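Note sheet for the following structure.
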Amino acid sequence: VPDIWELMDDQARFERLYREHADEVHAYAWRRSDAATADEVVADVFLVAWRRMDRVPSHPLPWLLAVARRVLANQRRSTRRALALRDRLGAAATPSPYGDAGDEGVLTALSGLGERDREVLLLIAWEGLTQAEVAEVLDIARPAVATRFHRARRRLAEALVSQDGVGLDGAEVRR
Amino acid sequence: MTDDVLYRVSASNPLPNGSTAPALDVVLARIESAPRRPVRRAVRFLVPAISVAIAILVLVVALGSLRTNHKHPAGVPTTRPSIAVVPSGGMRGQVSAYGAGFSSATNGVISLQQCVGCRNGGPTAHSTTHSWLLTTDDGGQTWTLSATHYYVQLPLFAGASGWAGGLQATGPKSGGIARFYVTHDGGRSWSVAPAAAPNEGGSTVSLGGGEVWATGLSTKVAVLHAPVGGSRLNATASQPISGDQTNVRAIAGGSGTAYVFNGADSRQMFVTHDDGRTWQHIHPQCPTADSASLIAAYGDTVWANCSTARGTTTGLARSSDGGQSWKDLPPPSAAVFGLQPVSANVAWLLLPGGKVLRTGDGGLKWHTVWSPASAPHALQSTVPKVQAELSGLPILTAQTPSSASIVTEITRGHVGQQAKFTNLVVYRTTDGGRSWHPYVVSLAMR
């Protein structure tokens, strides 16, 4: 039987973890899905956190977002299966993974990026993480983050220029 | 150029201001209902081996403790042992907190009742009851357990002096006699306080303005009072209510001030500002209620519960001038009985379901600051082999606008209707209920 002191310490740590980071995990999930899915993701992420309190690092946000990323990936796999079934039944098309808000041009350009490059860019631009934290979330080396970030920005700039027909400095671009 | 790209990506954030996650309670409920972790294959092989090793260890420890117990009478230590030496095998039977309170940020006391052989919460022909006192002088981190011959209910303190209504235990096979108790050492020891009229109905006491107030009953009801540092309760010079009344309560206000009301007749409400020499009639205005009862006071601020004939709370009324004028307030709950004001505007409230609310604006708005759903049982039940649950109503004692404590009983290992082991968890807050620190008072088998 586990020592009750350990349970209580976990309880206090867990509540604090939730108070301090649940909103950030929720926002991360919502930006990539919808409100209802975000609620589900938060519950799943913190269920994992409770079961692995001994592994939650002292700076926990990257760890939590890494779990959220895996939970979302699992949910998308099952959503894809559900949507494939719906498609076969003649139902609606797949919804945008970025919700309804935002700059349509940028969102379209983001969709054209590779998933790995896009995630690096969004973790920095939307979640406000540092490159070191992104490396933790994605479980890759920091130089790899820098490389992907640089590549993502360059490709996105090219996509936007191509889309708008106008350079970011305002000059018209010849097609 | 690429900085502009990053700016446009940031500006396209669908939730620039973030979002709000579901309440913690919702997630706790999800965790509670989640399936347990699957046992890994390696663990399956390890468990039998570890079980055998533990069984041998337990056998060795049990033999040792049998030798130790042989020197002492069953279960009742003759000295004040540390909590680390709870009787071998843990505190058996049903253990419940009879009362609890803190005299300061560091000194606290919990009065325990232990019933061995009780069934469904009641005594049987073979059951015995024992009374214990737990004390702490380091804010709840360590506790000392001692056997007593009394139970103190809702002990209240002013410095090292404290008062409580309670029961004098008359033996392990019998009940107890209602008494008033007083302490002058922060609650470590309590003695019976003589009173002009005995505590016949399990009355509690009320502290305020350096005085203790209570009601006693012999052939007729009597309002009693004493300086907090005193040791005997005297009847006031004049009595506001006469006759054989069993439902009269006295509530302390500021110095020399007390409020008295008759629960059987809501028209009988009085205030004194001269230590009970004279009494003035007061009358809370409860426009939508059938009756009003005084429930708490802090100096000249006095609170009344407005309720229907069936006891449903329809609102509260609060007076800031000793009961002369009243302000109607919305009801924080359908039943209000555990209100504890700690300043003119701040009060803590324990609801029948165990939730704790706090107001900082004199009762206009209430906020839930603690819920049984966040108690450890919700999480412990996800741990294999531990079936823990909260039992009984938590005990709330509020000391200041920022500090309060909640004593909960966590039972484990139910055998029929009887909890095999009980632990207490004392939650303390020093920031107005924003965060609570749990202290476990482990009475279970170690």
Side-chain angles (χ1 to χ4, degrees), chain A residues 1-5 7-12 14-16 18-19 21-32 35 38-40 42-47 50-51 98-107 109-110 121-122 124-126 128 149-150 152-154 156-157 160-161 167-169, chain B residues 1-24 26-37 54 374-380 382-386 388 410 412-413 421 423 425 427 434-446:
Chain A
V1 176
D3 184 82
I4 198 164
W5 267 114
L7 297 177
M8 293 307 304
D9 286 347
D10 278 355
Q11 160 86 8
F14 179 81
E15 290 190 2
R16 183 174 172 187
Y18 195 86
R19 275 200 309 273
H21 298 295
D23 288 350
E24 290 166 300
V25 174
H26 192 259
Y28 170 86
W30 194 346
R31 284 171 187 137
R32 288 156 181 78
D39 287 353
E40 291 285 314
V42 166
D44 286 348
V45 166
F46 281 89
L47 176 60
W50 164 244
R51 287 173 169 171
Y98 301 118
D100 300 327
D103 180 334
E104 274 301 321
V106 173
L107 297 182
L110 279 170
L121 194 58
L122 295 187
I124 291 170
W126 286 1
F149 184 49
H150 175 72
R153 285 196 300 181
R154 182 168 50 79
L156 190 69
L160 289 171
V161 166
L168 290 166
D169 56 2
Chain B
M1 181 180 80
T2 48
D3 283 347
D4 290 334
V5 170
L6 197 58
Y7 172 78
R8 281 190 69 179
V9 175
S10 299
S12 72
N13 186 342
L15 292 168
N17 299 320
S19 60
T20 303
L24 177 60
V26 175
V27 174
L28 289 176
R30 170 80 175 267
I31 289 173
E32 194 173 11
S33 63
R36 292 172 181 169
R37 273 180 287 186
I54 290 173
S374 60
H377 73 290
L379 295 175
Q380 285 176 15
T382 65
V383 179
K385 297 187 180 177
V386 175
I410 308 292
R412 299 197 292 172
F421 301 118
N423 277 330
V425 183
Y427 291 85
R434 287 180 190 86
S435 62
W436 295 83
H437 189 90
Y439 297 99
V440 175
V441 188
S442 181
L443 304 172
M445 183 171 67
R446 285 167 178 269

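In what follows, every chain begins at residue 1, and chains take the letters A, B, ... in the order their sequences are listed. Remember, it's a predicted structure, so these values are computed and weren't measured experimentally.
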Heavy-atom nearest pair, Val106(A) first then Val9(B), reads CG1-CA, 4.0 Å
Separation between CG (Asn13(B)) and CZ (Arg31(A)), nearest 0.5 Å, reads 4.0 Å
Smallest heavy-atom separation, Ala21(B) atom then Asp23(A) atom, equals N-OD1, 2.8 Å
Taking side chain as C-beta onward, heavy atoms only, is Phe46(A) less than 4.5 Å from Pro22(B)?
no
Cut-off 4.5 Å, heavy atoms of chain B, and the answer for Phe149(A) is side chain
Worksheet item: Do Arg8(B) and Leu160(A) touch side chain to side chain, with heavy atoms closer than 4.5 Å?
Response: yes
Smallest heavy-atom separation, Gly18(B) atom then Ala27(A) atom, equals CA-CB, 4.0 Å
Between Ala125(A) and Ser10(B), the two heavy atoms sitting closest are O-OG, 3.5 Å
